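Numbers restart at 1 for each chain; the letters A, B, ... are given by sequence-line order, proteins then strands. None of the values given here were measured: they were computed from a predicted structure.
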Amino acid sequence: MRFVFKTDYDQDIRLLKHSGYWWSYGVLLAALIAFPYLVGSYLQSQIVFVFIYAIVGVALIILTGFTGQASLGHAAFLAIGAYTAGFLQSQGISFIVYFPAAAIITGAVGAMVGFPALRLSGIYLVIATIAFAFIVEEILARWESVTHGNEGMRVRTLDFLGQPVPRDGDAFYFLCLLVLVGSILLALNLLRSPTGRAFIAIRDSETAAKSMGIDLAGYKVKSFAISAALTGMAGVLFAHKMSFISPEMFTLLLSIEFIMVIIIGGAFGVHGAVLGAIFIVMVDPFLTALKDDVPVLGASLASSLGMSSEGSGKLRDTMSAIGSAAGLKGAIYGLIIMMFILFEPYGLYGRWLKVKLFFQLFPLYKKATFKRQKTYVKSERNR
Amino acid sequence: MLDFIQQLVSGIALGCVYGLIALGFVLIYKATEVVNFAQGDLMMLGGFFVFTFIGLMGLDYWLGFLFAVCAMAVFGMATERILIRPILGYPQFSIVMATIGLGYFLRSVAGMIWGTDDLKIETPFSTGVLKLGDLVIAHDKLSVIVATVILCAVLYAFFNYTRMGTAMRATSENMLAAYYMGIPVKRVVSLIWAISAAVAATAGVLLAPITFIHSNVGLALGLKAFPAAVLGGFGSIPGALIGGLIIGVIETLAGFYLPQGWKDVAPYVVLLIVLLVRPHGLFGPSMRKKV
Amino acid sequence: MSFFTVDSISLQFGGLKAVDKVSFSVEKGEIFTIIGPNGAGKTSIFNLISRLYDPTSGKLFFEGRDITEVPAHQIAKLGIARTFQNIELFENATMLANLLVGRHCHATTQLWQEILFLPSVRRAEKEHRRKVEEVIEFLDLQAYREKLIAGLPYGVRKVVEVARALCSEPKLILLDEPSSGLNVEETDDMSFWIRDIRTELGVTVLMVEHDMTLVNRVSDRVLALNYGKVLASGTPAEVQAHPDVIAAYLGA
Ligand SMILES: Nc1ncnc2c1ncn2[C@@H]1O[C@H](COP(=O)(O)OP(=O)(O)OP(=O)(O)O)[C@@H](O)[C@H]1O
Ligand SMILES: [Mg+2]
């Protein structure tokens, strides 16, 4: 166990609190920089998606985790960012202009959504964000002069000051990594300054926050705007990565996927966004494996255990039938959401903290430390 | 004018379906503050059950109807026991997400079991129309309206004139106090889930002749019924029905009179406007936390 | 004009007159206590002062300024801080974060500066921290800095509430039943702290309290309230001897 002696207020303000942090995050960053040279293009591509999802995850953690405002409309913000990029690029505007422009436009829309959110809370806010997302989706489908409607829109290769940045290349990978690191730093900086604390105050008690001098309206709008702007940036990257965007890519299901990122990762810390993103993006390769590799593996395992070749062949067929059943992804998503909320409400990051504490306190760890106090329905009606 | 009335009647029929699903939302919300996003999928499952009983096993319509409703009631209870009870007291949004997960799961499993083709059953209301002068109302739509009225009357009587109904109202007022007064809160909550799933199943069966039975039908309708419940003010039973009617009528009229595309968004636009003016819906009580 | 004046203020909830034409004024450096049976309207008066509720009629003056129309989130900046009867702390944050929120009304940094965490922000943060540490020292809360509020015992939370209010460096502090739920020792501590808040920090105290021993020990003046109306006011002894007050408490 490490004992940190505090002799300076700076120690509490610093992001990397002691040498252990320097080591672990240094190694992580080095690994991420080395990655493109080590792994194949498929995996690299998946990692780019992890970055993009993680940026949205950070955005959602700021809004939902810190400020306590639920949103099932983040796919719409992603869409606004993506379409802004696509449209401005097609008008011959350069990346260094349309990237910030997308962030600003999405942020402004986010602030506009934030205003009605001032008076709404809980379930009313959830439905309002869903309604907002539907309306955006419909606008994208109808505003054909800009968005090409349901036909979708082609997004050309990113051009950075005359330098093409192909979507499968290393440069694009590093760009996404950079944006992710930037948004994580943004979130952490907010968290250690008055604005972030105001967000948390609003989440835990609006009344007390008001009495402490926090302007609820202003900070809720800020939270929505920041979250939307980050998502808009992710949208630009998303548009370039997909190279084609159409309204049906940005449905409620995508918003749900984003929420899954923070449920799986854990919404109370920025780490959760990254862990959750890794998990969500890797569901697809996992499903492919389930379809292709696992049946073969299972069959060979069965035959090595002495099963007849006919029997093992049958087993392989059944397993691959299950693996390739239509809609399996939905079932797995559903199960994942339910299981995490039931058994791992603090997400992967929460689990990691528990494991860490277990080793730090070994053998004194008490299971009860993390036991949830059973509450009899806490009313959220009178908030 | 006739066109308008014709559309209005269709809208009311559609609104009744939304209202029925919204009713399920509200029943559960009132008692437990859980917002069950899978309500539409419970309806979908009810449709598949009735298809199994009638279409596959060849039972009589009414018998199949009864079986499906009972089966769904049991299913609702099981859901409450397995998924909801352990997470009561979590932040509301977590619970919402859990039910969204349930919806995902049900849709996908239903698709695996019953396939993804549109299924259809023969019902006594599938054909035939009622003519009132020049006005033509199909029996399937009429059956929805009539059933909604009957169901509401029954639920109203149940809540106001039976011991169990009173216990339910007490539970939804204040769960802890009800518990101290000796009301078996857990059983009451179970039963509320059963009722709400049964209501959803009823909607599913009634809807079977109008839309086809398909695993995604619940999501689509649930997403309309949900605004209906919110519009009425979550937690108000008449509000749910009125909200359903409003959404149904707006959707149908918008589909008829406005350019393409408005049909699906119009209910949401109206919803946003209403929420801006009345943050707790039309009939929701606006409560404030006491400090 | 007095330091703080409540002028014939009323608050109505539907048909219920929670506060009915109440007037009183508090002098600088005073400890002023409001007493009254449950539901008398004491907390409602606090909510009116901190602008959580809008009065049906009447006015509030603080340092000669009319604050009846000031929005709730600007009250703290004027120098009025409060605690809550049923503890409204930020449950899922550390005590340190809670106290730093108390400094919010003194925050000067802009959002963009905070996003970049410029040196100016760092400097401001250290300054806030120094002020917070003074309060921690004052109320003996050193042991709990990094602890989540959700895990603290009730007695400590009551003190943290007072600490958070003090962090905003108020001129007037409103304490809503500071001793409710505390044991005898904790109540004792609280009474010393209340006096110290006045004498050492020079903060005027307006409080609601049920514990008459505490009231007698610390208050300069007392106001008795029932059904939203003022029954009596004066020194603690005078008020307790007043026939209407005795009647209200004994239910005659
Ligand atoms: N938000 C509200 N809505 C409706 N009635 C309210 C509200 N807040 C307070 N009341 C009512 O106003 C009256 C005064 O309440 P208040 O909380 O001020 O009493 P109190 O003197 O603080 O009592 P206690 O000693 O129990 O704290 C009570 O009858 C209460 O029910
Ligand atoms: Mg009170």
Participant: Starting at CZ of A:Arg197, measure out to CZ of C:Arg103 and round the result to the nearest 0.5 Å.
Facilitator: 10.0 Å

Participant: Go through the atoms of A:Phe199 and report whether side chain, backbone, both or neither lie under 4.5 Å from a heavy atom of chain C.
Facilitator: neither

Participant: If you look at every heavy atom in C:His104 and A:Gly213, which pair is closest and at what distance?
Facilitator: CD2-O, 3.6 Å

Participant: Less than 4.5 Å apart, any side-chain heavy atom of C:Val101 and any of A:Ile214?
Facilitator: yes

Participant: Measuring heavy-atom distances to chain C, does A:Leu188 have an atom under 4.5 Å in its side chain, in its backbone, in both, or in neither?
Facilitator: neither

Participant: Counting only heavy atoms not in C:Gln142 (residues, nucleotides, ligands), do more than 12 fall under 6.0 Å from its CD?
Facilitator: yes

Participant: Check this for me, if you would: do C:Arg145 and A:Asp12 make a salt bridge, where the nitrogen-to-carboxylate-oxygen distance has to be below 4.0 angstrom?
Facilitator: no

Participant: As an exercise: rank A:Leu185, A:Leu216, A:Leu186, A:Asp10 by heavy-atom pairs under 4.5 Å with chain C and give me the winner.
Facilitator: A:Asp10

Participant: For atom OH of A:Tyr25, is the number of surrounding heavy atoms from other residues, nucleotides or ligands below 6.0 Å larger than 12?
Facilitator: no

Participant: Taking atom CD of C:Glu125 and atom CZ of A:Arg192, what is their separation to the nearest 0.5 Å?
Facilitator: 9.0 Å

Participant: Top residue by heavy-atom pair count (under 4.5 Å) with chain A, among C:Glu161, C:Glu114, C:Gln113, C:Arg164?
Facilitator: C:Glu114

Participant: Nearest 0.5 Å please: distance from the OG atom of A:Ser205 over to the CD1 atom of C:Ile149.
Facilitator: 12.0 Å

Participant: Who among C:His128, C:Arg51, C:Arg129, C:Glu146 has the most heavy-atom pairs with chain A under 4.5 Å?
Facilitator: C:Arg129

Participant: Taking the side chain as every heavy atom from C-beta outward, state whether C:Thr109 and A:Pro194 have any atom pair closer than 4.5 Å.
Facilitator: yes

Participant: Inspect the surroundings of CZ in C:Phe46 and state if more than 12 heavy atoms from other residues, nucleotides or ligands are less than 6.0 Å away.
Facilitator: yes

Participant: Do A:Phe268 and C:Asn92 have side chains that get closer than 4.5 Å, going by heavy atoms?
Facilitator: no

Participant: What distance separates A:Ile13 CD1 from C:Arg122 CZ, expressed to the nearest 0.5 Å?
Facilitator: 6.5 Å

Participant: Would you compute the distance between atom CD1 of C:Ile115 and atom CG of A:Asn189 and round it to the nearest 0.5 angstrom?
Facilitator: 8.5 Å

Participant: Which heavy-atom pair separates C:Arg130 from A:Tyr9 by the least distance, and what is that distance?
Facilitator: CG-CE1, 3.7 Å

Participant: Just verifying a value: how many Å separate C:Glu91 CD and A:Asp204 CG, rounded to the nearest 0.5 Å?
Facilitator: 7.0 Å

Participant: Look at the side chain of A:Asp215 and the backbone N and O of C:His73, then say whether any donor-acceptor pair between them is shorter than 3.5 Å.
Facilitator: no

Participant: Does NZ or CZ of A:Arg203 come closer than 6.0 Å to the centre of the six-membered ring of C:Phe90, within 45° of the ring's axis?
Facilitator: no

